[in-house]
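Ligands are counted one by one from 1 in listed order, and the atoms in each one are counted from 1 as well.
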Amino acid sequence: MGTLSDVKKQDAEIFELIGEELARQRDGLEMIPSENFTSEAVMQASGSILTNKYSEGYPGHRYYGGNHVIDKIEALAVERAKKLFGVPYANVQPYSGSPANFEVYMAVCDPGDTIMGQNLSDGGHLTHGFKTSATGRFYKSIPYHVNKEGYIDIEEARSLAMQNKPRLIWVGSTAYTREFPFKEFSEIAEECGAYLAADISHISGLVVGGMHKSPKDYAHVVTTTTHKTLRGPRGAIIMVTEKGIRKDPELPEKIDKAVFPGMQGGPHDHIVAGIATALLEASTPEFKAYARQVVANSRALGNALSERGVRLVTGGTDNHMLLIDMTPFGVGMGVFGQEALEAAGITVNKNTIPGEPSSPFFPSGIRLGTPALTTRGMQEPEMEEIAGMISKIFSRINGYSLPQKKEGRSEYIESFRKDMRSDKEIAAVRERVLELCRRFPLYNKMAL
Ligand code: DSN
């Protein structure tokens, strides 16, 4: 990433803002479970001259000249993805997770077909058929749910699938703290004749690190973003498994056509190079140790929070993520938790919880995780320390509640935010956060 000296010369405003964001990342505890810090090598490859090229098509079959080098880069990224995930086909061109998932629909469904995915407020993703997403508008979406304990309700999913005979079923989601039941979903898909797509965006780093079961023997198609636990640049990969090719030998070709020309134009070759570099990093023993520590940290944080009376959906975690049920503080209190933590420099996101009693914009939970903290080198003792800080901060939101009427909510939250920013106890936690961040420096060679 260098020193950004040319940005400084040419665009002082953007230079200042990048500096501001670097300081925010360095001086805070990044606990949004879908975020991470890439290596400088990944950043350099992604910020390279490869951004200058157009290369619609695939290696050996491009619509523009001058692609003999790009062909080698893309082929290398594809080979690394296939080897790392143990699949016979990979497409590394999707711009990000949402287009990648849409490309899967385009490959295996016709508009109007029935599809199934995990319900949004039960931890699912917009692109798995939520009503406001194109996937919920162009396809007939039948959501499945989690049970009272917060685990995927397999029996419900099975009976919905048998009743509705979907063309495509999604397994894998964005706010689920337990191992995904790939085997059970593969049996359901088998029984009703559906394609099974595993969206492992959140857990792909754990899968290649051996900390989560791989979907490769169960799903026909696997999608993942590359910037979460996998620690690459912002992008995505679509893969077809041996099982997928057995079901439909033309599936790889259908995916290729859905990506280009179906959905996308020229691939972002600089990102493809960054993905290749990230995949190389993810194939090392160091990455396996990283994935192990991510889960160890998440479990340690979960235990330490539970000991302090914080309520976790499902009571704990199997992966990199925790979902805090904030209803003991009141309905719709996720935003209060998020704002109070942010005042101390701890970044999380408000999130719906199973059976959400409020709304997606004022949900009753908080989602947090350990991938980024683990990249900084933090371990179990730091998780214990952070749990103490979180529970201290939560004690400061007692007495506040989400106004029942929508009018006036923004003003109330703004005034709450001010209260948190001037709260002495939160200021003391902010100092401890800064001290912890200094002990685990981030991008310390990067000077702007
Ligand atoms: N925004 C991603 C996440 O935070 O999980 C999903 O698209």
Side-chain angles (χ1 to χ4, degrees), residues 25 28-38 94-105 115 117-136 141 143 146 150 152 170-180 197-207 212 215 221-238 263 271 275 278 294-295 298 313-314 317-324 334-335 337-338 341-342 346-354 356 360-361 363-375:
Q25 293 187 15
L29 297 177
E30 183 50 74
M31 298 189 74
I32 293 175
S34 48
E35 296 188 12
N36 212 332
F37 303 116
T38 69
Y95 298 144
S96 203
S98 298
N101 287 353
F102 206 78
E103 285 149 9
V104 173
Y105 287 87
I115 64 101
Q118 192 168 330
N119 190 41
L120 189 78
S121 63
D122 291 44
H125 191 255
L126 287 165
T127 59
H128 298 175
F130 191 61
K131 58 179 188 260
T132 56
S133 147
T135 62
S141 170
V146 295
I152 290 171
W170 287 97
V171 57
S173 53
T174 47
Y176 190 64
T177 60
R178 296 300 181 175
E179 181 149 295
F180 291 110
D199 179 346
I200 60 166
S201 293
H202 263 268
I203 53 158
S204 52
L206 306 185
V207 168
H212 190 294
V221 183
V222 177
T223 63
T224 181
T225 47
T226 45
H227 47 273
K228 298 187 174 89
T229 48
L230 197 57
R231 220 162 53 179
R234 303 196 82 82
I237 307 176
I238 305 175
M263 270 283 287
I271 297 299
I275 289 175
V294 166
V295 176
S298 182
V313 173
T314 76
T317 181
D318 293 332
N319 58 28
H320 60 300
M321 183 195 296
L322 299 157
L323 192 56
I324 298 179
V335 66
Q338 176 184 307
L341 290 167
E342 183 140 6
I346 301 176
T347 313
V348 300
N349 69 275
K350 61 183 170 151
N351 213 94
T352 51
I353 55 169
E356 177 57 57
F361 201 73
S364 303
I366 282 182
R367 190 184 68 149
L368 73 175
T370 54
L373 298 184
T374 310
T375 295

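When all heavy atoms of Ile203 and His320 are compared, the pair lying nearest together is CG2-CE1, 4.0 Å.
Expressed to the nearest 0.5 Å, how far OG1 of Thr375 lies from CD of Glu30 amounts to 11.0 Å. Residue Ile366 holds its CD1 atom at 5.5 Å from CG of Leu341, rounded to the nearest 0.5 Å.
Inter-residue side-chain proximity for Leu368 and Ile324 is flagged as met; some heavy-atom pair is nearer than 4.5 Å.
Aromatic pair Trp170/Tyr105: centroids less than 6.0 angstrom apart.
Set against the non-hydrogen atoms of Ser34, the atoms of ligand 1 under 4.0 Å away are 3 (C), 4 (O), 5 (O). Of all atoms in ligand 1, listed by their number and element, those nearer than 4.0 Å to a heavy atom of Thr174 are 5 (O), 6 (C). Those atoms of ligand 1 that come under 4.0 Å of a heavy atom in His202, given as number and element, are 3 (C), 5 (O). Applying the 4.0 Å criterion to heavy atoms of Arg367 picks out, from ligand 1, the atoms 3 (C), 4 (O), 5 (O). Atoms of ligand 1 found under 4.0 Å from any heavy atom of His125, numbered from 1 in the order shown, are 6 (C), 7 (O).
Of the protein's non-hydrogen atoms, Lys228 CE, 4.0 Å is the one closest to atom 2 (C) of ligand 1.
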